[in-house]
Structures are given as structure tokens and as C-alpha cells.
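Notes for the one structure printed next.
Within every chain, numbering begins at 1; the chains are lettered A, B, ... in the order of the sequence lines, protein sequences first and strands thereafter.
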Number of protein chains: 2
Amino acid sequence: MEIIRQVLERTGDKWTILVVASLQDGASRYTDLQRGVPGISQRMLTLTLRQLLRDGLITRTAYAEVPPRVEYALTSLGTSLLDTMLALIDWAGTHHEEIQQNQAQFDAASSA
Amino acid sequence: MEIIRQVLERTGDKWTILVVASLQDGASRYTDLQRGVPGISQRMLTLTLRQLLRDGLITRTAYAEVPPRVEYALTSLGTSLLDTMLALIDWAGTHHEEIQQNQAQFDAASSA
DNA sequence: CCGAATCCTATACGATACTG
DNA sequence: CAGTATCGTATAGGATTCGG
């Protein structure tokens, strides 16, 4: 019950899973993530990264160079979350068409 | 990418999974669900049920009796979604404590 | 008993401009 | 390059009241 609310707070927002997936996909720097997650604002990328960092799902490594370089990476915890989410994404892929048909049928019946 | 957004729209909201879980847990009538999902408002229960109905995740059966009786039930599609979500909930249960420790450590380091 | 309708508010998010 | 700060808005959702 409360555990469900907590997992949804972590995974149910608009960007978290996309950022995690992008990290798994090879992105590591802030700019990589901006183009790896199309549509995300700097604000939301920053906030999402901080949240992931706080949860221990990613690491952040800053290199004292010019120009500055910062690399993010999934922890094993972050990877395990993504693996679990992939099952859900797979479910969606499998049933997507069926759901669309259900919706169309429902809408047709509603307007009748 | 877009599929992720769609699955999150379906599962990432505050009540959907809780309603589905409550149905799996034995609830079937509107009033059952109100007490099976503590804190849900009538408005959100109604909206959530309509969405689930539209997606074909539940069925609705109204009996022409006095007093009226309406029964909701998971379809096999709804059950399969819940099964997939249970893996995620299980992940959360497994790692909950670890995440809390990470947060505490992060917060301590931040305030330092 | 099973909802629908209306009103209201909090918060999530985007856009924009600026900094080390 | 990698952020932060401020502002404005859209939307999710709660509270309340009413209807079949």
C-alpha cells in the first residue's frame, strides 16, 4: 500500500525512467542526457538527476578540467530498477494494440 | 520512448494500481473499493474506474435490483498488468531500506 | 448504492535568463 | 559545459454538493 505509493513516486514521474534508460543506453554527460531524452528541460534534468543521486540509483563524477566534465552512471541499484521497469515496458509493447482497440470500442459505445 | 510515456500514463498515477490491486484482493463493488483504497475520493475512484474500463483492464456489471448493485472485475489483461507491476513492487520492497539509507547519507552530506 | 458536477488548490512542469 | 534562479501556467486531484 504505502510501498506502492513510494515506488510510483520514484518511477511514475515524467522523466526518471527516460533518464535512467538513456544512461543505460550510453549517455553519461549532462549534454548527452539532454539530447538522449528529447523534450526534457534543463530544470527537470537537473532535478531528476538530483533525485536519482539521492536515491543512490546513479553516481556523479566531476572532473576538474577545463572545460568542466561531469559523468553520470547507473549504480547496480539503478540497473536493477531499469531491468524491472523493462518488464513493464515489455508488457505495454505486447498489449498496446489490444488496449487501443479497447479504447476505440469504448469510445464508440460511449458516443452511441 | 513514447511507449514508456504511455505505460507511465496508465500506471504512474496515484490510484490506478491501488484500485487494480484492491480488485485482485477481493473487492468488487464501488463501496468495497472506497474502503479497499483508503484515501481515494469518489471523484478519483470514478475517474480511475472509467479509465480502466476504457483500457479494457476491468469489466463493469450492473444489476437491475433495488438497491442497485454494480460489480467490477479484472479482465485477464488487468490481471496481467498487475502481475507485471508486482515485480516492480517486489523490487521496491527488496531495496526500500537501501534507498532510505542512501537518502539519509545524501542528505547528511548535503547539509555538511 | 453508485455515481456526476462544480469549485478550488497544490504542485509539477516548461520557458527564460543568468552563473561558476 | 553544467548547471541555478525566477516566473508563469496547466493539470491532477481533494472537498463538497447534488442526482437516478
Side-chain angles (χ1 to χ4, degrees), chain A residues 1-2 4-19 22-23 26-55 58-73 106 109-111, chain B residues 1-2 4-20 22-23 27-55 58-73 106 109-111:
Chain A
M1 189 64 211
E2 196 53 34
I4 295 181
R5 181 125 322 136
Q6 287 172 5
V7 63
L8 288 179
E9 272 176 30
R10 193 160 291 105
T11 63
D13 73 293
K14 199 171 175 183
W15 300 112
T16 294
I17 298 305
L18 295 175
V19 168
S22 185
L23 285 171
S28 61
R29 302 180 60 172
Y30 191 89
T31 313
D32 292 343
L33 291 167
Q34 282 196 88
R35 53 166 254 293
V37 184
I40 195 168
S41 62
Q42 289 194 338
R43 172 190 154 83
M44 287 317 294
L45 179 53
T46 298
L47 290 178
T48 302
L49 287 171
R50 200 201 319 277
Q51 170 81 36
L52 288 169
L53 215 48
R54 186 172 115 97
D55 287 346
I58 64 174
T59 59
R60 188 194 118 113
T61 311
Y63 297 90
E65 303 172 354
V66 178
R69 180 165 57 99
V70 177
E71 291 192 347
Y72 295 93
F106 181 93
S110 295
S111 65
Chain B
M1 186 68 211
E2 195 54 34
I4 295 180
R5 181 122 328 133
Q6 287 171 6
V7 62
L8 288 179
E9 272 177 29
R10 193 159 290 105
T11 63
D13 72 293
K14 199 170 173 182
W15 299 112
T16 295
I17 299 305
L18 294 175
V19 168
V20 170
S22 185
L23 284 170
S28 61
R29 302 181 61 173
Y30 191 89
T31 314
D32 291 343
L33 290 167
Q34 283 196 86
R35 54 166 255 291
V37 185
I40 196 169
S41 62
Q42 288 194 338
R43 171 188 155 84
M44 289 315 297
L45 180 53
T46 298
L47 290 179
T48 302
L49 287 172
R50 200 202 320 277
Q51 170 81 38
L52 288 170
L53 214 50
R54 185 171 116 98
D55 288 345
I58 64 173
T59 58
R60 188 193 119 115
T61 311
Y63 297 90
E65 303 173 355
V66 178
R69 179 165 57 100
V70 177
E71 290 192 347
Y72 295 93
F106 181 93
S110 297
S111 65

- Query: Of the nucleotides dC1(D), dC1(C), dG14(C), which has the atom closest to the Ser41(A) side chain?
  - Reply: dG14(C)
- Note on the structure: On a heavy-atom basis, the closest approach of Tyr30(A) and Gln42(A) is OH-O, 3.2 Å
- Item | Atom-to-atom span, CG of Leu49(B) to P of dC1(C) - whole angstrom | 17 Å
- Spacing between Gln34(B) atom CD and dC1(C) atom C1', to the nearest angstrom: 10 Å
- Round to a whole Å and report the spacing from CD of Gln51(B) to C1' of dG13(D). 15 Å
- Query: dG14(C), dG14(D), dG3(C): which one has an atom nearest the side-chain heavy atoms of Lys14(A)?
  - Reply: dG14(C)
- Taking the six-membered ring of Trp15(A), is NZ or CZ of Arg5(B) closer than 6.0 Å to its centre and within 45° of its axis? yes
- Message: Measure CD1/Ile58(A) against P/dA2(D) and give the value in whole Å, please.
- Response: 13 Å
- What is the minimum heavy-atom distance between Ser22(A) and Gly36(A), and which atoms define it? OG-CA, 3.6 Å
- Between dA2(D) atom C1' and Glu65(A) atom CD, what is the distance in whole Å? 13 Å
- Message: Looking at Gln42(B) and dA4(C), is any side-chain donor or acceptor paired with a base atom of the opposite kind under 3.5 Å?
- Response: yes
- Under 4.0 Å: is that the gap between some side-chain N or O of Arg60(A) and OP1 or OP2 of dG3(D)? yes
- Tell me what Arg43(A) touches on the nucleic acid: a base, only sugar-phosphate, or nothing, going by heavy atoms under 4.0 Å. base
- Over all atoms of both residues, closest heavy-atom pair of Ile40(A) and Leu33(A): CG2-O, 4.4 Å
- Answer with base, sugar-phosphate or nothing: what part of the nucleic acid does Tyr72(A) contact at a heavy-atom distance below 4.0 Å? sugar-phosphate
- Query: To the side chain of Met44(A), which of dT17(D), dT4(D), dC13(C) is closest?
  - Reply: dC13(C)
- Length of the CD-P vector between Glu71(A) and dC1(D), whole Å: 14 Å
- Query: dC1(C), dT4(D), dG3(D): which one has an atom nearest the side-chain heavy atoms of Val70(A)?
  - Reply: dG3(D)
- Item | Distance, rounded to the nearest Å, where Glu9(A) contributes CD and dA12(D) contributes C1' | 14 Å
- Along DNA chain D (nearest heavy atom to each residue), the more 5'-positioned of Trp15(B) and Pro68(B): Trp15(B)
- Query: What is the nucleic acid contact for Thr31(A), judged by heavy atoms within less than 4.0 Å: base, sugar-phosphate only, or nothing?
  - Reply: sugar-phosphate
- Task: Check Ser28(A) against Leu23(A) and note the closest heavy-atom contact, atom names and distance.
- Result: CA-CD2, 4.2 Å
- Query: Just how far, in rounded Å, is P of dT11(D) from CG of Asp13(A)?
  - Reply: 18 Å
